[in-house]
Each structure stands twice: as C-alpha cells, then as structure tokens.
There are 2 protein chains.
Amino acid sequence: MKFSSKTLEKAVEAMSALPSIGKKSALRLVLHLANNKGEKKKRLIEAINALQDELKICKCCHNYADTEICDICNDQARNKKQICVVESVKDVMAIENTMQFSGVYHILGGVISPLEGIGPDELNIDSLLERLKIQEVEELIMAISPTIEGETTIYYVSKLIDDSVSISTIARGVSFGGELEYADELTLGRSIQSRTQYNKSMSL
Amino acid sequence: MKFSSKTLEKAVEAMSALPSIGKKSALRLVLHLANNKGEKKKRLIEAINALQDELKICKCCHNYADTEICDICNDQARNKKQICVVESVKDVMAIENTMQFSGVYHILGGVISPLEGIGPDELNIDSLLERLKIQEVEELIMAISPTIEGETTIYYVSKLIDDSVSISTIARGVSFGGELEYADELTLGRSIQSRTQYNKSMSL
C-alpha cells in the first residue's frame with residue numbers, strides 16, 4: 001500500500017496492530033478519524049488513556065472495575081458461597097448476560113498452556129486458594145473452555161482444593177439449535193454420558 | 001451488554017463509534033488494549049494525535065500529506081498536464097497501486113448528493129477550476145464512481161470547463177474475472193457500446 005503521508009502510514013500501522021484489524025480496515029478507520037477532526041477522536045483518545053489511568057482490577061476476583069473491589073464482589077445480594085472460576089473478563093460478561101448465576105466470580109487470566117509458556121504461576125490460582133481460606137465457599141463452578149488446556153487447568157486446580165469444597169464443571173453437550181449430525185463425537189459422547197432426566201413440566 | 005466498569009464501557013462506546021466496528025469487536029479491541037499496558041497503546045494514542053496535529057492537506061490536490069504540497073504534486077517526473085479527478089484519498093491510493101497513471105490528482109472530497117446535503121460548494125471544485133487557470137492542463141480524467149451521484153458530478157464539473165481541456169471518464173465494463181451472466185444490464189449494455197478493438201498482440 002502506498003501512503004501519501006508518513007503520519008497516515010504510522011496511524012494505519014498502529015491501528016492494524018490491534019487484533020482482527022487488517023491493513024484495509026485500519027486504513028478505513030484512520031481516514032475516518034482524519035476526517036473527523038474533533039469530538040470523536042478526542043473521545044477515543046480519552047477513553048484509551050482512561051484504560052491506562054483509571055481502569056482497576058478487582059482485588060478479589062480480578063475483574064475489571066472502577067473501584068478496588070468490583071460491583072459483583074461488593075453486591076450483598078450475591079451468593080459468596082458459590083464461586084464461578086473463568087478464564088477471562090469476557091467470560092464473566094457472557095455468563096452475566098445469561099442471568100442464570102447469582103454467585104461471584106474468580107478470573108484465572110487464562111489456562112495452563114505449556115506451549116504458550118503459561119504455567120500455573122502465571123494464573124490467579126494463588127489468590128483463589130487465598131479466597132477459599134478466608135471466605136466460606138461451598139462450590140467452585142469451573143466454567144472453563146472444554147479444551148485440553150482447559151481440562152488440564154481444571155484438574156490442576158481441583159488437586160489443590162480439599163474435599164470440603166464441591167467442584168463442578170459447566171455441562172458439555174450439544175448446543176441449542178445445533179444439529180446432532182454436525183456435533184463432534186467427543187461432545188456427542190459426553191452429552192449421552194451426562195444425560196439428564198426429562199422433566200415433562202420444564203419449559204425452555 | 002453488562003460492563004463491570006464505566007471506564008471499560010466508555011472505551012467500548014468510543015471504539016464502536018468507528019465505522020464497521022460493532023459492540024463485540026469494540027469489546028475485543030478494548031480488552032486487548034487494557035491487557036497491553038504500555039507500548040502498543042502509547043503508539044496508537046500518539047498516532048491518533050498525530051492525525052490531528054501533523055497531518056496536512058495538500059494545497060494543490062487536497063490529498064493527505066506531511067508537507068504543504070504532497071509528494072505526487074511535487075514530483076517533477078509526473079505529467080502535470082493530466083489531472084485525474086477522484087472522490088477521496090482512498091481512490092488515489094487505489095489508482096497509485098495500479099501503477100498505470102503518471103499524472104497528478106485532484107480530490108473532490110465526495111460527489112454531489114442532494115439527499116445527503118452535499119452540493120457543489122461542499123466539494124473542491126473551485127480549487128480545480130483555479131488549477132486549470134494556473135496550470136496548463138490537457139486532460140481531466142474523471143475517475144468517479146459510476147453512480148447517479150457520480151454521473152451528476154461529472155456532468156456538473158464538465159459544464160464548468162471550457163473545450164480546450166479534454167474530459168474523459170474511466171472505462172466502465174465487466175470486471176476481469178467477472179462472469180457475463182452476473183453483470184447487471186446497465187454495465188453489460190455500456191460495455192457493448194464502448195467495445196474496444198481486439199489487439200491480437202496485446203497480452204493481459
């Protein structure tokens with residue numbers, strides 16, 4: 001791509017360093033910003049700066065927050081005896097959107113992946129064990145991706161936790177709206193193993 | 001979408017105000033930036049700031065540039081007697097990438113579109129007429145999108161220019177790699193009207 005200006009070229013490069021933004025998308029975004037001198041650009045810069053200056057990480061669950069302790073951990077209505085262990089902030093948002101969980105969270109910050117150089121020490125496992133000592137916790141719900149790395153992480157964490165805390169994983173099975181013939185064998189096999197009693201009075 | 005932090009929410013809003021960035025993409029970008037405290041974010045902010053502070057618009061052709069006059073207008077090797085009139089900076093880049101044009105450009109900044117409130121006064125038409133008075137120009141190549149608005153703009157500009165300057169439009173026809181049966185009637189009709197002599201010795 002030939003640029004008429006070095007400034008333009010640098011902006012396109014910085015923009016295309018973001019995930020899923022290619023050179024062409026970056027160019028469109030940069031030209032849009034270059035045309036919009038003023039409010040929109042100022043707001044974007046302020047917002048990106050605020051990410052650095054104002055965004056805090058909850059000391060309890062490691063979620064992003066505006067305060068030392070996030071709103072979910074602070075909420076007295078939530079069941080502190082249930083901790084849902086997830087990989088990332090995105091997972092918390094996804095589960096919150098389902099409105100099916102009223103406990104609290106703990107964000108690991110990833111899964112154990114030797115190939116990517118992520119060992120247990122890189123994850124927020126110590127602080128989880130610390131929480132279990134301080135808080136009275138009945139159940140850990142492991143809402144971790146059903147991958148090799150995810151399963152390894154679940155196994156590793158479960159080994160560190162004594163039997164007074166029950167550990168569960170989210171159900172694996174065929175998605176709603178999914179067709180059986182397209183489900184992979186592992187998923188289908190698991191969904192048969194962990195079949196649930198059909199409840200005639202239950203509705204979707 | 002539920003956000004755990006107002007800062008996060010504001011950043012997602014500012015990001016999703018950009019074209020073709022939805023809420024989910026914006027969230028992914030913002031979380032990526034939030035995780036990358038440091039270099040990447042700093043570079044992006046600097047680059048966006050530079051768009052405001054350093055990016056100039058060429059006084060001659062209205063292209064983005066680092067100097068008062070852009071590199072293309074400054075290039076003595078380029079044929080100043082041919083001006084290619086385009087809508088936007090992106091079009092200049094697209095034509096430059098073909099390496100088929102060695103003249104100079106004039107960016108109108110859009111096309112006449114009464115529906116969007118863009119009249120001739122909003123476009124860089126006056127400065128084009130000014131250029132024609134000062135420079136000796138033989139040909140104006142109208143590389144404008146073949147839409148109703150584009151055709152209107154070509155017609156409007158052509159009426160303002162005296163007959164000493166020849167005016168051409170880029171060829172309209174079926175794209176390379178395109179199949180005839182999928183071409184629309186107007187394009188196909190035009191491509192038959194403006195058929196060109198087949199040259200046996202010409203290669204693609």
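Chain letters run A, B, ... following the sequence lines, proteins first, then strands; residues in each count from 1.
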(message) I'd like to know if the side chain of A:Arg43 reaches the main chain of B:Ala17, judged simply by a donor and an acceptor atom lying under 3.5 Å from each other, with no hydrogens or angles considered.
(response) no

(message) With chain B as the partner, which of A:Ala94, A:Ser88, A:Ala14, A:Gly109 has the greatest number of non-hydrogen pairs under 4.5 Å?
(response) A:Ala14

(request) Side-chain contact test, heavy atoms from C-beta onward, threshold under 4.5 Å: evaluate it for B:Tyr105 versus B:Asp91 and give yes or no. (result) no

(message) I need the residue from B:Ile48, B:Asp71, B:Asn97 with the largest number of non-hydrogen atom pairs under 4.5 Å to chain A.
(response) B:Ile48

(message) Can you confirm whether more than 12 heavy atoms, excluding those of B:Lys80, are under 6.0 Å from its NZ atom?
(response) yes

(request) Output the residues of residues 131-139 of chain B for which the shortest heavy-atom distance to chain A is under 4.5 Å, in residue-number order; output 'none' if no such residue exists. (result) none

(message) Just checking A:Lys59: does its NZ atom have more than 12 heavy atoms from other residues, nucleotides or ligands closer to it than 6.0 angstrom?
(response) no

(request) Tell me, with the steps shown, if A:Ile112 and A:Leu123 meet side chain to side chain contact (heavy atoms under 4.5 Å, CB included). (result) CA-CA 8 Å; A:Ile112 296 170; A:Leu123 305 178; 3.8 Å; yes

(request) Quick one: do A:Leu140 and A:His106 satisfy side chain to side chain contact (heavy atoms under 4.5 Å, CB included)? Show the steps, please. (result) CA-CA 9 Å; A:Leu140 279 192; A:His106 191 87; over 6 Å; no

(request) Select one option (side chain, backbone, both, neither) describing which atoms of B:Val92 are under 4.5 Å from chain A's heavy atoms. (result) neither

(request) Tell me, out of A:Lys10, A:Lys56, A:Glu96, A:Arg28, who's got the most heavy-atom pairs with chain B below 4.5 Å. (result) A:Arg28

(request) Could you tell me whether the side chain of B:Asp66 and the main chain of A:Lys6 form a donor-acceptor pair under 3.5 Å? (result) yes

(message) With a 4.5 angstrom heavy-atom cut-off, is it the side chain or the backbone of B:Leu8 that approaches chain A, or both, or neither?
(response) both

(request) Could you please state which residues from residues 142-158 of chain B sit under 4.5 angstrom from chain A, measuring non-hydrogen atom to non-hydrogen atom, sorted by number, or 'none'? (result) none

(message) Can you confirm whether B:Leu33 sits close enough to B:Met15 that some side-chain heavy atom of one is under 4.5 Å from a side-chain heavy atom of the other?
(response) yes

(message) Determine whether a donor-acceptor pair (N or O, by modelled atom type, separation under 3.5 Å) exists between the side chain of B:Asn63 and the backbone of B:Cys58.
(response) no

(request) Measure from the side-chain N and O atoms of B:Glu122 to the backbone N and O of B:Gly119, and report whether any donor-acceptor pair falls under 3.5 Å. (result) yes

(request) Could you tell me whether the side chain of B:Ser25 and the main chain of B:Ile21 form a donor-acceptor pair under 3.5 Å? (result) no

